[in-house]
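The next block holds one structure in the form of structure tokens; read it before the comments.
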Amino acid sequence: MKSRTKVVVIGGGIAGCSTLYHLTQEGWSDVILIERDELTSGTTWHSAAQVTNFGMNQTMVGLKTHSIQLYKKLRDDPEYPVGYHHGDGGIRLANTEAQMQGYRHFASMARGMGVEFEVIDADECARRHPLISTENLLGGLWDGEDGDIDPAQLCQALAFHARKAGAEVYRHTAVTGLTQHRDDTWTVETDKGRIDADIVVNACGYRVNEVAAMMGVHHPVASMEHQYFVTEDIPAIVEAGHRMPLLRCPISDYYSRQEKNGLLVGFYEQDCKTWGMDGISPSFANDLCPDDLDRVMDVLEGAFERMPALTEVGIKRVVNGPITYTIDGAPLVGPIPGMRNAFCIIGLRAGVGEGGGHGWLLAQQIVHGEACYDMWCIDPRRFAGHTNVELTSLKAIEDYQNEFRFHFPHEHRPAGRPAKTTPLTPILAAEGAEFTVVNGWERVDYIKPTPDFHPTLSFHFDDAFDVIAAEIKNVQNNAGLAEVNGFNRIEITGADRHSFLDRIFCGTVAKRDGRVGLGYMLNHHGMVKGEATVANLPASDRGPTRVWYGSAAASESHDMDWLKAHVQDGEDVQLKSLTNDQTILVLAGPKSRQVLQAVSRDDWSKEGFPWLSVRECYIGFSPATVMGVSFSGELAYEIHVPNASLYAAYLALREAGKAHDMTLFGARAVESMRMEKGFLHWKADLITEFDPFETALDRFVKIDKGEFVGKNALVRNQARGLRKKLVSLQIDASHAPAHPGASLMHKDRVVGTITSGDWGHRIGRNLAYAFVEPDFMDVGSAMGLDLCGDIVTAEVIAPSPYDPTHGKMRA
Ligand SMILES: Cc1cc2nc3c(=O)[nH]c(=O)nc-3n(C[C@H](O)[C@H](O)[C@H](O)COP(=O)(O)OP(=O)(O)OC[C@H]3O[C@@H](n4cnc5c(N)ncnc54)[C@H](O)[C@@H]3O)c2cc1C
């Protein structure tokens, strides 16, 4: 066994084997995989091993496409061929028009990744899958690339090629301890000896948290028991003369694929069961849980009705094994929050199909610092603070029960709620608030007109449209109050805080006490990494002179890790999170100044507190920090209040607001208003796939200000020219918003992709942002938007169609 290496990958299932293989493909050959038993002896060996191209967003589609291309290459490799039924085709069934709308959107989104799905009717489903009945069936989504692979051969082939490229694989070697040193390198203890490594990767499947504990962390991953059976030969399959397509059914929660001349049918029963909650026996390897078909009877009936031939054959084999789920259903692939030189590729619930792609993206991230796609949807840092084992298991159960029922826009499922609240949550609930969830926080979406108001889930504008319009109208004409909780807030102190920020932002950083600025951070490839407000607070009885760095709620772990990693030795910079201590009350609208003046004795006039100012003060008797910033485009104030006095500040503002017709508003109103103002959202419009010039952030870049992170790469990007440009669009449709990922077409060619879309209630127009090819970036350029299957005109407009000179927010 080697005693030193660059990377140790722990776990020899598909996750570990794919990571090892792709590390060698990215040029790192001094890498090792350590497996406690045989390769694939965790979940991978007994997987149903379906490989679909279907994904909920472009990153997922892109990584699955990579899997398929890789698996085809491995299948055709004469040296180490892998059994792969590629292209049997697969159908995701639907029995509601809303599901069909969703499938049409997913087809539009996948087209931008070069993947063609087809939305077909019930008869066409039956023509392609001769075993199914069309009873209670509207149609489905056809994925022509669907198939299944031999999972053990796949892993062996990946390990074989990795070894050929210089990697080493140590089987029957258990990792027993992990120690990180001051220089961020690791010592990996095993039952066969020690290995020193620069980087470690946790790819341990259902044992993920055993290895996480060795690092002193816990991952939001829980295991569920999951079953399938394999039937004896079905005569109709033999007679069909072609392989049966795969089926995935959100109506009755099962899947099926052909196995020899029978079917393999797997179930996502409602009466499901977590696994390993109280620990996992060390001897559980190459093992299964006891069969329990009684548990799946409800689902089985649905499968029998859809495929009556199933009732006429016997069951040859039952498989019941552990499968991992995360707190939001998507895997965790990337840097481990709060750690250095530590990555994970865990929580894979469709790991055989996706593993090729996940390992590919992770290896890119390890070797190059970033992958070709923005990985936020699978980034382990996307939640913070609430991801304990009890909550994770509740969400795992919910996700398992809804395996094939995709999330609709604005859908927030009930399990594990409320996780993070403020003292105002019950108060706002009593006011009729409908809540959305942001990084676990219950945030007001809108105020319901009646307690039993529940809009039907839809890809079209939903029943809340008029409710949101009314909230916005009042903000526009009078004043509105909204709670924004969970906002990421890092207090930065120390004499070097401004030179530090200068180095990590690509533009000018506000430095004067009492002033606020907006800045953008780039990664080392010159791409957009983050966005933050910087507020300079003068010394006071509340603290020394300091900066409050504020960014999106979801960025809590991401931004803290990024900032910490960039503090240099000897630099006088201290970082402290205030995220859980303070909450923002946003006061917006032309009468907001009067409301504020009524509760605070300071001078809030335009001259006394100009736009982009920050001041410590009292709201009534509650200490507060007020910033003159606006995401709505109206005159507005962000009032940051310690949670202990939040309710008191809220009461004072509500009381003062009565004289000015102030009402509550929520996140959906904010979303609409920011679209009218040309304001961008982190990880919707601001992603690591584009540089700030492509993202239309030119005014926030100061290329000649001296050194900053990403500068050299950005200069190279500039020489290369724009690949795409972010533009504002107006959509010629009033029935549905443009959903993220939807394709913009010119004739038959995809020329752009939507990042955000919503109705602009103040201007009465359907708005969107998109990255488009440079030929289509000029105002007036028209494209065809594939809006859930309808092609409608999308025209480029100037940004900020509402109050383009920003006069209202500076009033
Ligand atoms: C019944 C069933 C059907 C499924 N069907 C499909 C499907 O159709 N399509 C699909 O894509 N996915 C499917 N899945 C899911 C898929 O099989 C998993 O997502 C995938 O196999 C997970 O791979 P992994 O590498 O993350 O984990 P594992 O395969 O569990 O690998 C983890 C490895 O880490 C090793 N390890 C753990 N601790 C240590 C340690 N301390 N030291 C060294 N090594 C260690 C383990 O021994 C194990 O080999 C199915 C799962 C089940 C249960």
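Whatever order the structure lists them in is the order used to number ligands and atoms, beginning at 1. The figures here come from the full heavy-atom set of this structure, side chains too, leaving out hydrogens, waters and symmetry mates.
- In this structure, a donor-acceptor pair under 3.5 Å is absent between the side chains of Tyr400 and Glu398.
- Residue-ligand proximity, Ala203 to ligand 1, at heavy-atom distances under 4.0 Å covers atoms 32 (C), 33 (C), 34 (O).
- Taking the six-membered ring for Trp and thresholds of 30 and 60 degrees, Tyr373 and Trp360 have ring planes more than 60 degrees apart, a perpendicular arrangement.
- A distance of 10.0 Å separates OG1 of Thr24 from NE2 of His161, quoted to the nearest 0.5 Å.
- Within the 4.0 Å heavy-atom criterion, neither part of Pro151 lies near ligand 1.
- Here the heavy atom of the protein found nearest to atom 44 (N) of ligand 1 is Arg36 N, 3.1 Å.
- Interface of Gly13 with ligand 1, defined as ligand atoms under 4.0 Å from a residue heavy atom, comprises 25 (O), 29 (O), 31 (O), 33 (C).
- Those atoms of ligand 1 with a heavy atom of Thr173 less than 4.0 angstrom away are 43 (C).
- Of the protein's heavy atoms, Ala48 N, 3.1 Å lies nearest to atom 5 (N) of ligand 1.
- Residue Ile345 has no nitrogen or oxygen atom sitting less than 3.5 Å from a nitrogen or oxygen atom of ligand 1, judged on distance alone.
- When the options His172, Glu35, Arg207 are ranked by their closest heavy atom to atom 46 (C) of ligand 1, first place goes to Glu35.
- Between His226 and the choices Phe267, Tyr255, Tyr325, Trp275, the ring pair (Phe, Tyr, Trp, His ring centres under 6.0 Å) rule is met once, by Tyr255.
- Each of the following atoms of ligand 1 lies closer than 4.0 Å to a heavy atom of Tyr228: 1 (C), 3 (C).
- When all heavy atoms are compared, the tightest approach of Cys125 to Gly139 is SG-C, 3.7 Å.
- Salt-bridge formation is not detected for the pair Arg257/Asp146: no Lys NZ or Arg NE/NH1/NH2 atom is positioned less than 4.0 Å from an Asp or Glu carboxylate oxygen.
- With ligand atoms numbered from 1 in the order given, ligand 1 contributes 42 (N), 43 (C) to contacts under 4.0 Å with heavy atoms of Ile10.
- By the 6.0 Å and 45° rule, Arg92 does not stack over the aromatic ring of Tyr103.
- Looking only at protein heavy atoms, the nearest one to atom 40 (C) of ligand 1 is Val175 N, 3.8 Å.
- Listed by number with element, the atoms of ligand 1 under 4.0 Å from a non-hydrogen atom of His226 are 1 (C), 2 (C), 3 (C), 52 (C).
- Using a 4.0 angstrom heavy-atom cutoff, His46 counts as in contact with ligand 1.
- Remark: distances from the non-hydrogen atoms of Tyr255 to ligand 1 include one below 4.0 Å.
- The side chain of Val211, and not its backbone, has at least one atom closer than 4.0 Å to an atom of ligand 1 (non-hydrogen atoms only; side chain from C-beta on).
- Between Pro322 and ligand 1, not a single N/O pair is under 3.5 Å apart.
- When only interatomic distances are considered, the shortest N/O to N/O separation between Thr44 and ligand 1 falls below 3.5 Å.
- With a 6.0 Å radius and a threshold of 12 heavy atoms from other residues, nucleotides or ligands, Arg243 has its CZ atom above the threshold.
- Shortest contact from atom 12 (N) of ligand 1 to any protein heavy atom: Ala350 CA, 3.4 Å.
- Ligand 1 has Ala49 within reach: a non-hydrogen atom of the residue lies less than 4.0 Å from it.
- Between Phe117 and Phe106, the distance from one ring center to the other does not fall under 6.0 angstrom.
- The N/O atoms of Gly321, backbone and side chain alike, include none that comes under 3.5 Å of an N/O atom in ligand 1.
- Near Ile34, meaning under 4.0 Å from any of its heavy atoms, are these atoms of ligand 1: 43 (C), 44 (N).
- Of the candidates Gly353, Gly356, Gly11, the one placing a heavy atom closest to atom 11 (O) of ligand 1 is Gly353.
- In this structure, Lys260 places its NZ atom where only 12 or fewer heavy-atom neighbours from other residues, nucleotides or ligands lie under 6.0 Å away.
- The proximity of Arg349 to ligand 1, defined as any non-hydrogen pair under 4.0 Å, is limited to the backbone.
- Enclosure of atom CZ in Arg4 by more than 12 non-hydrogen atoms of other residues, nucleotides or ligands within 6.0 angstrom is indicated.
- Closest heavy-atom approach to atom 28 (P) of ligand 1 among the candidates Thr43, Asn286, Asn202, Val188: Thr43.
- Contact atoms of ligand 1 toward Gln50: 7 (C), 8 (O), 9 (N), 10 (C), 11 (O) (distance under 4.0 Å to a heavy atom of the residue).
- Aromatic ring pairs are classed by plane angle as parallel below 30°, tilted from 30° to 60° and perpendicular above 60°; the pair His386 and Phe383 is perpendicular.
- Between Asp379 and Arg382, no side-chain nitrogen of the basic residue sits less than 4.0 Å from a carboxylate oxygen of the acidic one, so the salt-bridge criterion is not met.
- Ligand 1 lies out of reach of Cys17, whose nearest heavy atom is not under 4.0 Å from it.
- Heavy-atom neighbours of Lys192 NZ from other residues, nucleotides or ligands within 6.0 Å: above the threshold of 12.
- Taking the six-membered ring where the residue is Trp, the centroids of Tyr254 and Tyr228 are separated by 6.0 Å or more.
- Between Gly12 and ligand 1 there is a heavy-atom distance shorter than 4.0 Å.
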